[in-house]
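The structure appears right after this line, and notes come after that.
Everything numeric here is computed off the predicted structure, so don't read it as measured data.
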Amino acid sequence: MTSELERTAAIARDLIRIDTTNWGEGKSRGETEAAHYVESALQQLGLTPQLFESEPDRVSVVARVPGRDRSKPALVVHGHLDVVPADPENWSVDPFGGEVRDGSLWGRGAVDMKNMDAMMLTSLSDVIEQQGAPERDLVIAYFADEEAGGILGAHHVVDTHPEVFAGATAAISEVGGYSITLGDRRAYLLQTGEKALMWVKLTARGTAAHGSHVIKDNAVTKIAGAVARIGSEEWPVRLSDTTTAMVAEVARFLGVDPVATGPDEVALATGSAARFIHAALHTTTNPTVLTAGYKHNVIPDQATALVDIRCLPGDEDTVLARVRELAGDDVEITMTHRDVGLEQDFGGPLVDAVRDVLERHDPGAPVLPYLLSGGTDNKALSRLGIAGYGFVPLQLPAGVDFPAMFHGVDERVPLESLAFGRRVLGDLFATY
């Protein structure tokens, strides 16, 4: 008989083996096969999932689970089915092999976020089997295209079928709920906000010529200068309500004075978690793609670059103005995708429920708020007034550099962490 742990891990493994790579800019392997997989699993639970295809092979799945108390607002629980690319040459395992090794499940999507996709199914199955229904209505959603901004996934469903989220006031999804080790104590990070997102394209134009000529009007030189200036900009600390609370809570946990120590030092003291926490304190403007030329001895007349900009909600226009200044007059800037930042209260019924359920499963471990430096499909749901939080509960061994797993090489998740997440999510569904 298949064990509880094996069921969650097996589903995650199956999903990892379905290659749903999303390169962005419309290039993707698509989510159809993975969507049919979760559709079938939801049907086996007696549910009636709906499929929404924004473009050929770009499929999202949504199912409503009636709760025992339908007077309570519904909770959206969502994951995404797509993953970022993985170069097999850089991995020590097949990134789409779903290999179990050293007590962990390895593969692209193991933490971002086919782990949660699997935990959603098994925890929901537990609740239905044990008590017939969750406490309140759940809207279970598996979105396409999150890794390219969700235009063909969450945004599409919100724009075209908002009725599937009727009655929902809150949502939980990725990049929160995992444990960190501070000193010799464990704590959990609840994602209560996320930065605003701006993806821009830089374009420099110049004179096409032979590579041996003296050409000052060189598009490659222009784009290189702009990229260097933008990528090297040292953005100062900027605190919002969420990051102020985050620094204060971490400092209190560490027993230091946040004012005397300083926000950067408090963030860096969190060890591997600093990869997320420190980035939340600063605007980031990271060049990610350069494109220019086609032959060694030909100076091209155009060069382009892509820059990923993340900043606090409300800072978008100020940051964009500075990026334009850094780019220079000879470089055009085009916005390819822009989305809102989010900040939610670190309080209220859902946050209280999260605290309570984690206390039951890991007594004495506090829950700390944090602002995600990246973004999630909660951005799309916010347009319907749904407050989004990051809560994928994973109890992690000390020393695990979990943030490095996101979009990283040799992505993996401990099997015991999957089992823990299943238990915690099931408890939350049963009691909240």
Side-chain angles (χ1 to χ4, degrees), residues 4-5 7-9 11-12 15 38-50 61-80 113-143 164-179 188 190-192 344 348-362 365 367 376-378 381 386-395 417-432:
E4 297 302 303
L5 173 61
R7 280 188 61 194
T8 305
I11 292 173
L15 289 170
V38 297
E39 176 194 26
S40 176
L42 291 167
Q43 288 172 335
Q44 291 173 29
L45 296 177
L47 304 175
T48 307
Q50 296 175 266
V61 184
V62 182
R64 181 173 288 262
V65 187
R68 292 179 297 169
D69 186 349
R70 307 203 71 183
S71 68
K72 292 183 175 181
L75 174 69
V76 182
V77 184
H78 61 101
H80 61 81
M113 63 173 298
K114 291 177 176 179
N115 60 339
M116 177 63 162
D117 293 340
M119 287 155 51
M120 287 161 58
L121 290 172
T122 52
S123 58
L124 182 60
S125 174
D126 291 341
V127 172
I128 291 174
E129 179 181 334
Q130 293 165 12
Q131 63 181 42
E135 174 62 18
R136 66 180 66 216
D137 277 18
L138 301 178
V139 180
I140 304 295
Y142 292 92
F143 292 124
V164 300
F165 306 106
T169 57
I172 58 171
S173 188
E174 60 180 332
V175 204
Y178 62 92
S179 69
Y188 291 85
L190 176 65
Q191 189 255 96
T192 59
Q344 315 297 348
L350 177 56
V351 173
D352 291 343
V354 166
R355 290 178 188 270
D356 290 345
V357 72
L358 284 173
E359 176 63 24
R360 287 194 290 273
H361 292 268
D362 193 356
V367 180
T376 74
D377 282 328
N378 280 326
L381 295 173
I386 297 172
Y389 294 83
F391 186 62
V392 178
L394 296 171
Q395 186 182 96
S417 299
L418 290 175
F420 175 83
R422 175 182 181 173
R423 293 192 299 270
V424 172
L425 277 182
D427 193 349
L428 182 69
F429 297 164
T431 58
Y432 170 62

Kindly write out the residues that satisfy side-chain hydrogen bond (donor to acceptor under 3.5 Å, both in side chains) with Y188, not counting sequence neighbours, or none if the list is empty.
D362, Q395
Roughly how far apart are L394 CG and M116 CE, rounded to 0.5 Å?
9.0 Å
Rounded to the nearest 0.5 angstrom, the CD-CG distance for E174 and N115 is 9.0 Å
Residues at least two apart in sequence or cross-chain that pass side-chain hydrogen bond (donor to acceptor under 3.5 Å, both in side chains) with Q44, listed by chain then number, are S40
Before you tell me yes or no, could you show the steps for L428 and I172 under side chain to side chain contact (heavy atoms under 4.5 Å, CB included), namely the whole-Å CA-CA distance, both residues' side-chain angles and the distance that decides it to 0.1 Å?
CA-CA 11 Å; L428 182 69; I172 58 171; 4.0 Å; yes
Is any side-chain heavy atom of Y389 closer than 4.5 Å to a side-chain heavy atom of N378?
no
Pairing residues for E135 by the salt bridge (charged side-chain N to carboxylate O under 4.0 Å, His left out) criterion, not counting sequence neighbours:
R68, K72
Please list every donor-acceptor pair under 3.5 Å in which a side-chain atom of residues 127-134 meets a protein atom from a residue at least two apart or in another chain.
{"from": "Q131", "atom 1": "NE2", "to": "A133", "atom 2": "O", "distance (Å)": "2.8"}
{"from": "Q131", "atom 1": "NE2", "to": "A430", "atom 2": "O", "distance (Å)": "3.4"}

Quick one: pull up CE in M113 and CG in L15 and give me the separation to the nearest 0.5 Å.
11.5 Å
Correct closest heavy-atom pair for A168 and I386 would be O-CG1, 3.5 Å
Just verifying a value: how many Å separate D117 CG and T122 OG1, rounded to the nearest 0.5 Å?
11.0 Å
Rounded distance (nearest 0.5 Å) linking atom CD1 of I11 with atom CE of M120
11.5 Å
Mind checking side-chain hydrogen bond (donor to acceptor under 3.5 Å, both in side chains) for Q344 and listing every partner two or more places apart, or none if nothing turns up?
none
Are the side chain of R136 and the backbone N or O of P73 linked by a donor-acceptor pair below 3.5 Å?
yes
Which residues pass the side-chain contact (heavy atoms from CB on, under 4.5 Å) test with A41, sequence neighbours left out?
L121
Validation row: L45, V65 side chains within 4.5 angstrom (heavy atoms):
no
Determine whether P393 and H361 make a side-chain contact, defined as any pair of heavy atoms from C-beta on separated by less than 4.5 Å.
no
Of all the heavy-atom pairs spanning L350 and A171, show the shortest one and how long it is.
CD2-O, 4.4 Å
Can you list everything that forms a side-chain contact (heavy atoms from CB on, under 4.5 Å) with R360? Sequence neighbours excluded, please.
D356, V357, D427, T431
Partner set under side-chain contact (heavy atoms from CB on, under 4.5 Å) for R64, not counting sequence neighbours
R70, A74, D137, V139, A166
Identify, with sequence neighbours excluded, every residue that meets side-chain hydrogen bond (donor to acceptor under 3.5 Å, both in side chains) alongside S173.
H78
Can you tell me how far CG of L42 sits from CG of L124, rounded to the nearest 0.5 angstrom?
7.0 Å
Under the side-chain contact (heavy atoms from CB on, under 4.5 Å) rule, collect the residues that match up with S123, sequence neighbours excluded.
R422, L425, F429
Would F391 and V367 satisfy side chain to side chain contact (heavy atoms under 4.5 Å, CB included), going step by step from the backbone distance to the final call?
CA-CA 11 Å; F391 186 62; V367 180; over 6 Å; no
